[in-house]
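Presented below is the structure to which this report refers.
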Amino acid sequence: MSITLNTSTTNNADWKLNFQFNDGDTGDLIDFTGASIEIEVRDRNKCLLIEATTANGKITIVSTGVIQLLVPSSEMTNLCAGQYDVGGLYVLNDETISLFTGEIQIRDGIARV
């Protein structure tokens with residue numbers, strides 16, 4: 001799968017995003033039942049800054065083919081404004097499959113609670 005993600009968010013709020021994935025060959029929604037899913041954000045030095053997984057509850061399977069990423073604002077505040085690498089994959093039936101790679105632009109949030 002060769003999907004590139006380019007997105008942006010702020011560092012003063014939850015990062016909440018839904019993804020829908022279709023099989024590249026059939027067009028059918030991917031059944032993630034039983035899958036381990038992981039999305040990581042790394043800085044330009046490849047240091048891990050955010051790790052969201054189905055195991056740590058930051059990724060949930062919403063329905064067939066749809067997952068939700070939710071990184072709380074308490075973790076987002078650790079990111080300085082700038083560009084970061086992001087990527088996702090899943091493991092199912094002993095097969096590791098890439099979901100996407102790309103970049104995320106973090107903007108400095110103005111309001112703080």
Side-chain angles (χ1 to χ4, degrees):
M1 194 175 289
S2 59
I3 296 173
T4 303
L5 174 72
N6 291 305
T7 188
S8 65
T9 192
T10 63
N11 62 1
N12 68 335
D14 295 342
W15 179 28
K16 185 176 182 180
L17 193 58
N18 283 1
F19 296 90
Q20 178 178 306
F21 294 100
N22 298 73
D23 184 283
D25 296 327
T26 66
D28 295 337
L29 292 169
I30 296 172
D31 184 357
F32 289 115
T33 303
S36 296
I37 305 170
E38 182 173 336
I39 295 173
E40 291 185 351
V41 176
R42 294 179 179 261
D43 66 16
R44 297 299 179 176
N45 294 320
K46 306 300 180 201
C47 294
L48 180 64
L49 302 173
I50 293 175
E51 181 178 40
T53 68
T54 46
N56 68 18
K58 294 176 190 158
I59 296 176
T60 54
I61 300 169
V62 176
S63 62
T64 302
V66 180
I67 64 172
Q68 182 177 80
L69 168 71
L70 177 57
V71 179
S73 62
S74 60
E75 288 186 49
M76 296 303 294
T77 59
N78 297 325
L79 300 179
C80 296
Q83 198 90 7
Y84 298 88
D85 295 325
V86 63
L89 59 79
Y90 73 101
V91 178
L92 184 63
N93 300 326
D94 295 323
E95 205 175 344
T96 302
I97 301 166
S98 176
L99 290 171
F100 63 86
T101 58
E103 295 180 336
I104 181 170
Q105 177 71 37
I106 301 296
R107 291 182 168 60
D108 191 27
I110 303 303
R112 302 277 181 199
V113 179

Does the side chain of F21 come within less than 4.5 Å of I97's, by heavy atoms?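 Not touching, per the 4.5 Å side-chain cut-off.
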Would a 4.5 Å heavy-atom cut-off, applied to side chains only, mark I61 and Y90 as touching?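 The answer is no; the side chains never approach within 4.5 Å.
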Is there a donor-acceptor pair under 3.5 Å between the side chain of N11 and the backbone N or O of M76?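 Checked: no pair found.
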What distance do [X] atom [atom1] and [Y] atom [atom2] have between them, rounded to the nearest 0.5 Å?
X    : Y   : atom1 : atom2 : answer
L29  : Q20 : CG    : CD    : 5.0 Å
F100 : T7  : CZ    : OG1   : 9.5 Å
T9   : K16 : OG1   : NZ    : 12.5 Å
F32  : I67 : CZ    : CD1   : 5.5 Å
I39  : L69 : CD1   : CG    : 4.5 Å
T33  : L92 : OG1   : CG    : 8.5 Å

Test side chain to side chain donor-acceptor pair (under 3.5 Å) applied to T10 - qualifying residues, sequence neighbours left out: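 T10: side chain to side chain donor-acceptor pair (under 3.5 Å) contacts with N12.
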Which residues pass the side-chain contact (heavy atoms from CB on, under 4.5 Å) test with L49, not counting sequence neighbours?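 If we apply the side-chain contact (heavy atoms from CB on, under 4.5 Å) test to L49, skipping adjacent residues, the hits are D43, L79, Y84.
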Are I37 and V66 co-members of a hydrophobic cluster defined by side-chain heavy atoms under 4.5 Å apart?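 They do not share one cluster, since no chain of ILVMFWY contacts under 4.5 Å joins V66 to I37.
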Which residue pairs pass the side chain to side chain donor-acceptor pair (under 3.5 Å) test when at least one of the two sits in residues 60-72, sequence neighbours left out?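 Those involving residues 60-72 are N18-Q68.
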So which pairs with a foot in residues 48-58 pass side chain to side chain donor-acceptor pair (under 3.5 Å), sequence neighbours left out?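 Sorted result for residues 48-58: T53-N56, K58-E75.
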Output, in order, the C-alpha distance, side-chain angles, deciding distance and verdict of side-chain contact (heavy atoms from CB on, under 4.5 Å) for K46 and D85. CA-CA 8 Å; K46 306 300 180 201; D85 295 325; 3.1 Å; yes
Which is it for L99 and F19 under the side-chain contact (heavy atoms from CB on, under 4.5 Å) test, yes or no, and what are the steps along the way? CA-CA 10 Å; L99 290 171; F19 296 90; over 6 Å; no
Apart from L48 itself, what residues make up its hydrophobic cluster, given side-chain heavy atom links below 4.5 Å?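 Grouped by the 4.5 Å side-chain rule, L48 forms a cluster of one, so the answer is none.
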Under 4.5 Å side-chain linkage, directly or through intermediates, the cluster mates of L89: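 Direct or chained contacts put L89 with V91.
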